[in-house]
Amino acid sequence: MSKGIIKKVAGPLIVAKGMRDANMSDMVRVSEEQLTGEIIEMHGDEAYIQVYEETSGLGPGAPVESTGMPMAVELGPGLISSIYDGIQRPLNKILELTGSNLLQRGVTVSALDRDRKWHFVPLLKAGDEVSAGDIIGEVQETAVVSHKIMVPYGMKGRIASISEGDFTVTDDVAVLDTEKGSASIQLMQRWPVRKGRPYQKKLTPDMPLVTGQRVIDTLFPIAKGGVASVPGPFGSGKTVVQHQLAKWADADIVVYIGCGERGNEMTDVLNEFPELKDPKTGRSLMERTVLIANTSDMPVAAREASIYTGITIAEYFRDMGYSVALMADSTSRWAEALREMSGRLEEMPGEEGYPAYLSSRLAQFYERAGRVVTLGADGRIGALSVIGAVSPAGGDISEPVTQATLRIVKVFWSLDSSLAYKRHFPAINWLNSYSLYLDNMEKYFNEKVAPDWSKLRARIMRLLQEEAELDEIVKLVGMDAVSAADRLKLETARSIREDYLHQNAFNEVDTYTSLQKQHLLMQLILDYYDQASDALSKGAGINDLVGLPCREAIGRFKYVPEDETEAEYESIETNLRKECKEAVDRKEDF
């Protein structure tokens with residue numbers, strides 16, 4: 001361990017001298033209060049330390065001591081349902097200890113409860129050969145999450161002893177005979193946050209992460225193991241989109257990082273998630289969720305750490321073979337923390353004052369996502385999908401954080417304030433957004449949902465694009481100057497927007513739509529267009545076709561419960577054919 005003293009204090013950055021024996025990324029304890037910090041730069045015997053707690057009152061001469069280890073998180077039973085700050089301090093335990101809602105500096109609490117006992121069930125026996133990543137047993141952490149206990153990375157040998165029973169996270173549950181002698185395995189392991197956890201190989205992202213949000217699943221899907229960005233101005237619904245994905249995405253585990261969010265938004269998460277019922281299990285959503293809260297009023301430097309803390313925990317559950325969805329809200333606040341620390345280090349600034357290495361830091365974060373074959377003899381597959389919100393000032397997506405993110409991610413959900421003002425949610429602009437996973441996932445949708453899924457999606461996108469072109473003409477010459485065929489296109493596109501893309505997060509039926517129901521609704525809207533086009537060619541009046549009674553039934557279809565959709569679909573289809581025929585007959589009679 002290296003010991004030194006403070007030379008200079010500049011906000012969350014301190015310079016300590018006498019630290020020649022310390023290393024980059026070492027965790028340090030600062031002053032008599034044992035504040036947590038991390039070495040981010042070394043010059044000779046001077047260490048530049050990023051302190052993750054309030055530094056007011058610190059001055060030159062205060063002691064600094066390196067722990068000799070990099071910043072790491074504790075991984076083991078007890079993570080699920082926990083609420084941590086950016087450096088994995090359990091907020092509920094700190095509240096119990098201090099009795100204050102405000103973080104008090106110098107408070108040290110273990111991330112995982114050292115006193116609680118967990119029932120460990122071995123899956124292997126003495127004499128079995130194991131290596132890094134092999135599952136030796138499991139702990140039922142919550143009613144819905146079975147926590148797999150894995151052989152830590154770098155360990156290999158034969159199990160000398162293993163036993164079932166109740167253990168704390170620091171008790172030995174198994175002993176290995178290795179080439180270097182005996183090595184014990186505990187329920188808990190540690191992992192440095194800035195280093196990605198290893199795996200055997202990364203797989204092609206060809207399966208969708210089904211979210212139940214129609215505009216996402218149909219038009220701009222994200223793959224399991226994929227990365228997506230949600231940029232948008234204030235009030236456009238970034239947080240609501242991320243909350244919806246956390247609630248409904250087809251993931252076994254959710255890690256939600258509130259990185260620099262306003263306190264009231266994080267409070268919504270803390271209040272809502274315990275009350276929300278998981279659609280798959282019927283139990284509380286918190287029973288498969290880890291929350292990391294580092295809100296705007298918490299230390300700025302810890303915002304930067306919170307992103308790495310969250311993704312390391314997510315990788316750990318991915319290694320168990322789970323599908324994990326990580327929500328980061330928002331990476332702009334994280335980038336601002338980088339900018340502040342870079343400024344204090346007096347580094348050469350890049351565009352708008354952000355550090356020149358902003359893009360590379362963002363890439364290092366997002367590339368840790370993926371669908372992988374994990375370590376271990378069983379070749380299990382885990383997936384980590386990352387959805388990052390970006391908060392560009394004034395909604396200007398030309399700013400550096402958004403542009404750097406767009407160069408990395410494969411899915412871009414562009415939130416539009418004009419849609420939000422019209423109360424169209426999710427306010428994802430269908431003309432500006434895109435997904436680069438579509439080609440990889442086309443086979444999945446066509447085989448697992450319906451053979452014509454890709455064809456219907458392409459037609460819907462074409463109608464929306466044609467509507468945008470026709471809108472310009474309508475603004476110039478008025479609706480009366482538009483041909484009947486073009487007016488029918490505009491009406492169909494309006495139905496797509498209002499009946500399909502608009503989704504009510506607060507309606508218990510409409511908040512989630514299965515892929516099968518999405519397909520039926522797409523088919524209804526396009527069948528209306530085809531049947532009406534045919535009737536129009538046979539002489540039916542456009543006003544009759546626009547006002548067909550079945551159009552109201554198509555609009556209400558999204559509120560039909562999942563188990564009634566097939567019957568309702570057949571009924572609407574029958575009425576549609578009948579009403580179109582009647583429209584033709586009326587014209588002929590006339």
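Quick caveat: nothing in here was measured; it's all calculated off a predicted structure.
Separating the CD1 atom in Ile257 from the OG1 atom in Thr309 is a distance of 8.0 Å, to the nearest 0.5 Å. Expressed to the nearest 0.5 Å, how far CD1 of Ile135 lies from CG of Leu375 amounts to 11.5 Å. For the atom pair CD (Glu65) and CE (Met19), the distance works out to 8.5 Å, reported to the nearest 0.5 Å. The structure places CE of Met71 at 10.0 Å from CZ of Arg190, a figure rounded to the nearest 0.5 Å. Rounded to the nearest 0.5 angstrom, Lys224 NZ and Ser385 OG are separated by 8.0 Å. Met286 contributes atom CE, which lies 10.5 Å from atom OG1 of Thr142 (distance to the nearest 0.5 angstrom).
A salt bridge is absent between Asp21 and Lys3: the closest approach of a Lys/Arg side-chain nitrogen to an acidic carboxylate oxygen does not fall below 4.0 angstrom. Salt-bridge check for Lys117 with Asp171: failed, with every basic side-chain N at 4.0 Å or more from each acidic carboxylate O. Using a cutoff of 4.0 Å between basic side-chain nitrogens and carboxylate oxygens, Asp45 and Lys17 are not scored as salt-bridged.
Results of the side-chain contact (heavy atoms from CB on, under 4.5 Å) test with Glu304 over Arg333, Glu340, Glu336, Arg361 single out Arg361 as the only residue that passes. Here the options are Ile185, Leu123, Asp128, the test is side-chain contact (heavy atoms from CB on, under 4.5 Å), and the partner is Ile136; only Ile185 passes.
Around atom NZ of Lys8, no more than 12 heavy atoms belonging to other residues, nucleotides or ligands sit under 6.0 Å away. In the displayed structure, Lys148 atom NZ is contacted under 6.0 Å by more than 12 heavy atoms of other residues, nucleotides or ligands.
Within the structure, ring-ring contact (aromatic ring centres under 6.0 Å, His included) contacts touching residues 105-138 (residues at least two apart or in different chains) do not occur. Screening residues 320-355 for ring-ring contact (aromatic ring centres under 6.0 Å, His included) gives no qualifying pairs among residues at least two apart or on separate chains.
At distances below 3.5 Å, not a single donor-acceptor pair connects side-chain atoms of Ser110 with backbone N or O atoms of Leu112.
The shortest non-hydrogen separation linking Cys259 to Arg303 is SG-O, 3.5 Å.
Aromatic ring pairs are classed by plane angle as parallel below 30°, tilted from 30° to 60° and perpendicular above 60°; the pair His243 and Tyr256 is perpendicular.
Taking the side-chain contact (heavy atoms from CB on, under 4.5 Å) definition, one finds that Thr36 meets it with Met27, Arg29, Tyr52, Glu53, Ile87, sequence neighbours left out. Considering only residues two or more places apart in sequence or on other chains, Lys195 meets the side-chain hydrogen bond (donor to acceptor under 3.5 Å, both in side chains) condition with none of them. Asn23 meets the side-chain hydrogen bond (donor to acceptor under 3.5 Å, both in side chains) test with no other residue; sequence neighbours excluded. With sequence neighbours excluded, the residues satisfying side-chain hydrogen bond (donor to acceptor under 3.5 Å, both in side chains) with Thr312 are Arg368.
Ser229 and Thr405 share no donor-acceptor pair across their side chains, judged by distance under 3.5 Å alone. Using a 3.5 Å distance cut-off with no hydrogens or angles, the side chains of Glu287 and Ser284 do not pair a donor with an acceptor. Side-chain N/O atoms of Asp319 and Thr374 include no donor and acceptor closer than 3.5 Å. There is a side-chain donor-acceptor pair under 3.5 Å between Glu347 and Tyr357. Judged by distance alone, the side chains of Gln186 and Thr170 never bring a donor and an acceptor atom under 3.5 Å apart. Ser398 and Asp396 form a side-chain donor-acceptor contact under 3.5 Å, judged by distance and modelled atom types alone.
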